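Worksheet: the structure to be examined is printed underneath.
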Amino acid sequence: MCGRYAATKDPATLMREFDALDGTEGKATRADYNVAPTKEVVTVVERHPRDADGAVLEDEPAVRSLRVMRWGLVPFWAKDPSVGNRMINTRAETAKEKPAFRKALSRRRCLVPADGWFEWKATDPGEGRKAAKEPYYVTTRDSSSLAFAGLWETWRDPNADPEARPLITFSVLTTDAVGRLADIHHRMPLVLPSQRWADWLDPNRTDATGLLTPADRDWLDELELRPVSTKVNSVRNNGPELVERVEPEPVNLDTALFDLPNPR
DNA sequence: CCAGACGTTGTT
DNA sequence: GTCTGG
DNA sequence: CCAGACGTTGTT
DNA sequence: GTCTGG
């Protein structure tokens, strides 16, 4: 999965954590505790410099920088940017073959910095009741950033001025959930520990084989998994209260009476 | 050949 | 039920 | 991911 | 742009 996350750090902090230059061009967004598809966020890319005509200078060392992108990858051939609304995730298992993603997997990988991400656990509805979904927040214990493996793409509106800035969009890779995370949900974002960031971003590496492995179970088990308020459900809500731990929903008295075992 | 999709999730 | 928007 | 819409005509 | 389905 991964359809919602929190990203609250300013560019200066991200520059330090990701050893990157600031390429946000003043477009950097502010603290967002409820990042949803179609929103603009800061990502990290690594590219060789280009000359005035935009040709790649292969011999110049690659530069890592922050860039603002919109969540939901719009393939360059799309006639309409709404195509990106459905391209928010990319299955790591099939990314290499999918026409919408394979070129980006080879040449346009990015990291998506996050404080943590949200997962909704579907609870067993039980007789006659409707299913409930309990949101959880997955985050680091030391407040360091997580990094999702992402793919990015540029899109130009065929009906717009060709000189206009293209729309830059991204998708988050997903894998099978590992360890405790699998208790919440069967998919999770492809989270990369910092020692894997350089390989993922390396522009000289066009074969992504070996880059798509989920993180080690031991590393993932270090993450904190906390129940949070259903306030996060609505994208109109935003603020630090969305990531605060809450106790699991207290039992409603009316429902509880209903739940009493039948006397025999 | 042309037309139409190009994606993931979850749920049944 | 299914699609769109955030 | 979840929430919220899901429609057209005409008039201001 | 490129693949799949008809």
Side-chain angles (χ1 to χ4, degrees), chain A residues 1-7 29-41 68-108 112 114-126 129-139 146 148-158 166-167 169-177 181-191 212 214 225-239 242-243 249:
Chain A
M1 97 102 193
C2 195
R4 216 71 80 76
Y5 68 95
T29 51
R30 41 184 172 166
D32 194 339
Y33 290 88
N34 203 348
V35 177
T38 72
K39 281 184 163 185
E40 303 231 303
V41 291
V68 173
M69 302 186 193
R70 178 187 186 264
W71 190 4
L73 187 145
V74 182
F76 74 99
W77 39 256
K79 292 172 193 71
D80 186 280
S82 66
V83 171
N85 296 352
R86 289 171 296 173
M87 310 273 189
I88 66 168
N89 291 144
T90 304
R91 289 177 64 85
E93 298 90 330
T94 55
K96 242 176 282 188
E97 293 86 45
K98 296 291 179 182
F101 300 127
R102 61 191 169 195
K103 206 172 240 169
L105 179 64
S106 156
R107 305 197 168 273
R108 284 181 304 279
V112 183
D115 300 14
W117 79 91
F118 297 97
E119 293 280 7
W120 280 260
K121 177 173 182 165
T123 56
D124 188 343
R129 278 163 291 159
K130 53 182 174 181
K133 287 214 161 192
E134 296 169 345
Y136 286 77
Y137 182 62
V138 187
T139 189
L146 292 169
F148 306 142
L151 306 177
W152 65 276
E153 186 74 81
T154 58
W155 181 80
R156 288 168 194 280
D157 186 339
L167 179 66
T169 59
F170 72 96
S171 177
V172 173
L173 278 287
T174 61
T175 67
D176 270 332
L181 290 165
D183 298 337
I184 305 297
H185 196 74
H186 71 103
R187 300 290 291 173
M188 67 177 187
L190 176 53
V191 197
L212 294 163
L225 223 174
R226 71 172 79 130
V228 293
S229 157
T230 54
K231 282 179 207 161
V232 71
N233 290 12
S234 175
V235 295
R236 290 174 307 191
N237 296 328
N238 207 318
L242 299 191
V243 300
E249 192 74 357

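The model shown is predicted, which means the values in this text are computed figures rather than measured ones. Computation of the quantities below employed the complete heavy-atom set of this structure, encompassing side-chain atoms and omitting hydrogens, waters and symmetry-equivalent molecules. To find a chain, count down the sequence lines: A is the first, B the second, and so on, and within it residues start at 1.
- Between dT8(B) and S171(A), no contact under 4.0 Å exists linking OP1 or OP2 to a side-chain N or O.
- Base contact: P37(A) has a heavy atom under 4.0 Å from a base atom.
- Across dT9(B), dC1(D), dA3(D), the shortest atom-to-atom separation from the side chain of R4(A) is found for dC1(D).
- A gap of 35 Å separates the P atoms of dC2(B) and dT9(D), to the nearest Å.
- For R91(A) and dT8(B), the shortest distance from a side-chain N or O to OP1 or OP2 is not below 4.0 Å.
- When the nucleotides dG6(C), dT11(B), dG7(B) are ranked by their closest atom to the side chain of P99(A), dG7(B) comes out on top.
- In this entry the distance linking CG of N238(A) with C1' of dC1(D) reads 15 Å, nearest Å.
- When the nucleotides dT2(E), dT11(B), dT8(B) are ranked by their closest atom to the side chain of R102(A), dT2(E) comes out on top.
- N238(A) and D32(A) form a side-chain donor-acceptor contact under 3.5 Å, judged by distance and modelled atom types alone.
- Taking the centre of each ring, W71(A) and Y5(A) come in below the 6.0 Å mark.
- Remark: C1' of dG5(C) and CH2 of W71(A) are 14 Å apart, rounded to the nearest angstrom.
- Across all strands shown, A100(A) has heavy atoms under 4.0 Å from sugar-phosphate atoms exclusively, and none from any base.
- Of the candidate nucleotides dA3(D), dG6(C), dT9(B), dT9(B) has the atom nearest to the side chain of N89(A).
- Heavy atoms of L73(A) sit nowhere under 4.0 angstrom from any nucleic acid atom.
- At a threshold of 4.0 Å, the pair R102(A)-E97(A) does not count as salt-bridged, since none of the basic side-chain nitrogens sits closer than that to a carboxylate oxygen.
- Here the C1' atom of nucleotide dT9(B) and the CD atom of E119(A) are 11 Å apart, to the nearest Å.
- Stacking of W77(A) onto the six-membered ring of dC6(B) is present: less than 5.5 angstrom between centres, less than 30° between planes.
- Ranking dC2(D), dC6(B), dT8(B) by closeness to the W120(A) side chain, first place goes to dC2(D).
- Between the side chains of R91(A) and T174(A), not a single donor N or O lies within less than 3.5 Å of an accepting N or O.
- Annotated stems with DNA chain D as a participant read C:1-6 with D:1-6, given as range with range, by first number; only runs of 3 or more Watson-Crick or G-U pairs under 3.5 Å qualify.
- Between the CG atom of L151(A) and the P atom of dT8(B) there is a distance of 11 Å, rounded to whole Å.
- Distance from the side chain of F101(A) is smallest for dT8(B) among the nucleotides dT8(B), dG1(E), dC3(E).
- Between N233(A) and dA3(D) there is a side-chain polar atom (N or O) within less than 4.0 angstrom of OP1 or OP2.
- Contact check, K133(A) against dC2(D): a side-chain N or O comes under 4.0 Å of OP1 or OP2.
- In this structure, the CD atom of E153(A) is 12 Å from the P atom of dG1(E), given to the nearest Å.
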